Amino acid sequence: MLAYSYRIAILNIMKKLRFLLPLLATALPVAAELSTDTIFADHMVLQQGQAIPISGTCTGREAVVVNFGGKDVKAVIKNGRWQATLAPMPANSEGQDITITQGDEKVVLKDILVGEVWIASGQSNMLWRLNQTGDTNSLKEAPTPQFRFYHSEPQVHTAPSAYREREKTILNNRKMYQGSWSCNTPQTRPRMSAVGYYFGRELQQQLGVPVGIIHAALGGSEMMAWMPPSVLKKKYRECTTARWRESKYMSAWVRGRARQNIGADLNAPHPYKPAYLFETGIAPWLDFPVAGVIWYQGESDAEIQDMKQNYALLRDLINGWRQEFGKPQLPFLMVQLPRINDKTPLRAYWPEFRTVQQRAQDEMKQVYSLTTIDLGSRNSDVHPPRKLEVGTRLAHLAAAKVYGKNIPYSGPVVSKVTPGKGKLTLQFEHAEGLKTSNGAAPVGFEVSANGRKYHPAVAAINGTSIELSSSEVKSPKYARYAWATYMEPNLVNAHGLPAAPYAPTAK
């Protein structure tokens, strides 16, 4: 009888366990499987000619092996993470798979190309989507398999309203961007950066190899938001504190918008906080080799009149990115601020900021400032509609200066200033076929005797030079061109490319 009771008790326990075990299984943590970091995915483009680190997470101690192009590479495993480095490869337009294995586990990344990879970043004019341009032809054009992009979609913007719990949670968790690699199709391209799209599409056609664009931008952002933390700690320590909004590096507009979003909470994260956008949008790519950067930014920083400060910020941002990417001369192509028909103080210092961008080109290797004075808004819209020309010109600039292609990439640029009797002669480079676009005399020139007070000048074309004179200045020694927030420029070269704004460099 006692044995029978024990048997009944054991049966009852087993019945209970039959129901409890599934519950226990769901409650216990499940070990993560073999995986890659999120930036590695189907349809990506890898940079040709450079070693490519690929990484992810794994469990166990079995070897992780990465196979690409028929070659196996054994990964290094440490603390649950693995990394393998692919040897430099030439461009390859045929999609291949990357296979990662560990024991019986396998991850396959499909349709991988090798070519040229560029980062596209900045503020709203870089963020401006292709489906906001009205360019229905580009939206509907056939797929181009050799052009790919990774669009990082901002999960929080800076509209003039208080953040809800959703936005606060995203920012606290540093989930500012979500994205994936995509082939260029009518279904995937509408939300892509218009400038980044036009740049990548044209560059692919110029080079004849696959091109991938990695895009991360945010409207209204100052340079400080994109500054690497290492630079902040070294040169801008006041921007690393909770009182960053009080820093002299924050424009009044940025301060005001941050106040609308997060109020007086000093500890609340915000997209404009120094280094935040770099850490969330750029840092994930630091080990992913790239060919260069295109940059459309400056509208917010230009509100601050201190151009020495703005130049220092731009120089430190470029050098900081180069250091973080491990490429001391990483090409950096920026869009010079265009014109805007806005007389408010917010836009008053755009001419000065253009000289900051020009100075960076003059003093830093592999830094270029693209002229867009003719492409800006005829009204007060800070988002000029002609993104096609901006992206195409950037691609031609890259093709010529980075890849050595023999292609027109610049409008006339002042190379020499020569005073004469009652006149001033400006010699131009890239000035073959120097002319005006409307057949009238060149407009937008000024001269000065002392470099402080300028007067409008009469301009006459003489070959690849411009001769300037003014009844107000008997002995002109200095000249400026396009020194205005808004103008209708008409000086171009034979290729129709506009003359670059010019002013004596202030240091």
Side-chain angles (χ1 to χ4, degrees), residues 36 38-48 52 54 68-69 89-99 107-121 125-154 177-217 285 288-294 296 385-396 398-399 402-403 405 407:
T36 62
T38 56
I39 63 173
F40 303 105
D42 297 347
H43 313 304
M44 68 179 171
V45 181
L46 302 178
Q47 176 61 41
Q48 67 172 323
I52 308 292
I54 296 181
F68 185 55
M89 297 167 284
N92 190 337
S93 299
E94 181 179 350
Q96 302 178 83
D97 293 349
I98 294 178
T99 303
V107 174
V108 180
L109 306 180
K110 298 181 179 180
D111 187 31
I112 310 303
L113 303 181
V114 182
E116 292 296 310
V117 183
W118 283 73
I119 286 179
S121 188
N125 274 306
M126 185 62 84
L127 183 64
W128 201 254
R129 303 188 306 268
L130 187 62
N131 63 6
Q132 293 176 295
T133 64
D135 182 2
T136 56
N137 290 332
S138 292
L139 285 169
K140 296 178 180 178
E141 67 186 2
T144 53
Q146 303 303 304
F147 174 35
R148 313 281 177 88
F149 41 79
Y150 189 107
H151 168 62
S152 301
E153 183 75 28
Y177 291 104
Q178 289 185 7
S180 62
W181 281 100
S182 299
C183 295
N184 176 28
T185 70
Q187 292 73 39
T188 61
R189 70 175 69 112
R191 297 192 67 82
M192 177 58 184
S193 157
V195 170
Y197 180 84
Y198 293 130
F199 169 81
R201 184 181 67 178
E202 179 66 18
L203 187 64
Q204 194 281 317
Q205 293 175 3
Q206 290 293 330
L207 301 181
V209 301
V211 167
I213 301 297
I214 299 165
H215 166 243
W285 299 96
F288 195 94
V290 298
V293 176
I294 57 172
Y296 196 154
R386 294 168 64 181
K387 299 294 192 285
L388 172 60
E389 291 95 328
V390 176
T392 302
R393 288 180 189 178
L394 280 170
H396 292 173
V402 179
Y403 299 102
K405 296 289 184 179
I407 182 174

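The model shown is predicted, which means the values in this text are computed figures rather than measured ones.
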So, do [X] and [Y] sit near enough that their side-chain heavy atoms are less than 4.5 Å apart?
| X | Y | value |
| --- | --- | --- |
| Leu139 | Leu130 | yes |
| Pro289 | Ile52 | yes |
| Thr133 | Tyr198 | yes |
| Ser152 | His215 | no |
| Val195 | Leu394 | yes |
| Val108 | Ile98 | no |
| Trp118 | Val402 | yes |
| Lys387 | Asn125 | yes |

For this session: Apply side-chain contact (heavy atoms from CB on, under 4.5 Å) to Thr188 and Met192, showing your working.
Result: CA-CA 8 Å; Thr188 61; Met192 177 58 184; over 6 Å; no
When rounded to the nearest 0.5 angstrom, what distance separates [atom1] in [X] from [atom2] in [Y]?
| X | Y | atom1 | atom2 | value |
| --- | --- | --- | --- | --- |
| Leu388 | Arg201 | CG | CZ | 6.5 Å |
| Met89 | Ile112 | CE | CD1 | 10.0 Å |
| Asp135 | Lys140 | CG | NZ | 11.0 Å |
| Glu116 | Leu46 | CD | CG | 12.0 Å |
| Cys183 | Met44 | SG | CE | 12.5 Å |
| Arg191 | His151 | CZ | NE2 | 5.5 Å |

Exercise. With sequence neighbours left out, what residues match Tyr150 under ring-ring contact (aromatic ring centres under 6.0 Å, His included)?
Worked result: Trp181, Trp285
For [X] versus [Y], what's the shortest heavy-atom pair and its separation?
| X | Y | result |
| --- | --- | --- |
| Gly196 | Phe147 | O-CZ, 4.2 Å |
| Glu141 | Asn184 | OE2-ND2, 4.5 Å |
| Leu203 | Ala395 | N-CB, 3.7 Å |
| Ile407 | Ala399 | CG2-CB, 4.2 Å |
| Gly115 | Val45 | N-CG1, 3.8 Å |
| Pro143 | Pro186 | CG-CD, 4.0 Å |

Exercise. Taking the inter-plane angle between the rings of Phe40 and Phe288 on a 0 to 90° scale, is it parallel (under 30°), tilted (30 to 60°) or perpendicular (over 60°)?
Worked result: tilted
Exercise. Between Ser138 and Arg189, do the side chains contain an N or O donor and an N or O acceptor separated by less than 3.5 Å?
Worked result: no
Problem set entry | Stepwise side-chain contact (heavy atoms from CB on, under 4.5 Å) test for Met126 and Ile294 | CA-CA 9 Å; Met126 185 62 84; Ile294 57 172; 3.9 Å; yes
Exercise. Do Gln146 and Ser93 pass the side-chain hydrogen bond (donor to acceptor under 3.5 Å, both in side chains) test, and can you show the C-alpha distance, the side-chain angles, and the key distance before you say yes or no?
Worked result: CA-CA 7 Å; Gln146 303 303 304; Ser93 299; 3.2 Å; yes
Exercise. Quick check: does any side chain N or O of Gln48 sit under 3.5 Å from a backbone N or O of Pro90, one acting as donor and the other as acceptor?
Worked result: no
Exercise. Are any side-chain N or O atoms of Asp97 and backbone N or O atoms of Thr99, one a donor and one an acceptor, separated by less than 3.5 Å?
Worked result: no
Exercise. Can we say Glu153 and Arg129 salt-bridge, meaning some charged N sits less than 4.0 Å from an Asp/Glu carboxylate O?
Worked result: no
Exercise. Using 4.0 Å as the upper bound for N to carboxylate O, is an ion pair formed by Asp111 and Arg148?
Worked result: yes
Problem set entry | Test side-chain contact (heavy atoms from CB on, under 4.5 Å) applied to Leu109 and Thr36, step by step | CA-CA 9 Å; Leu109 306 180; Thr36 62; 4.3 Å; yes
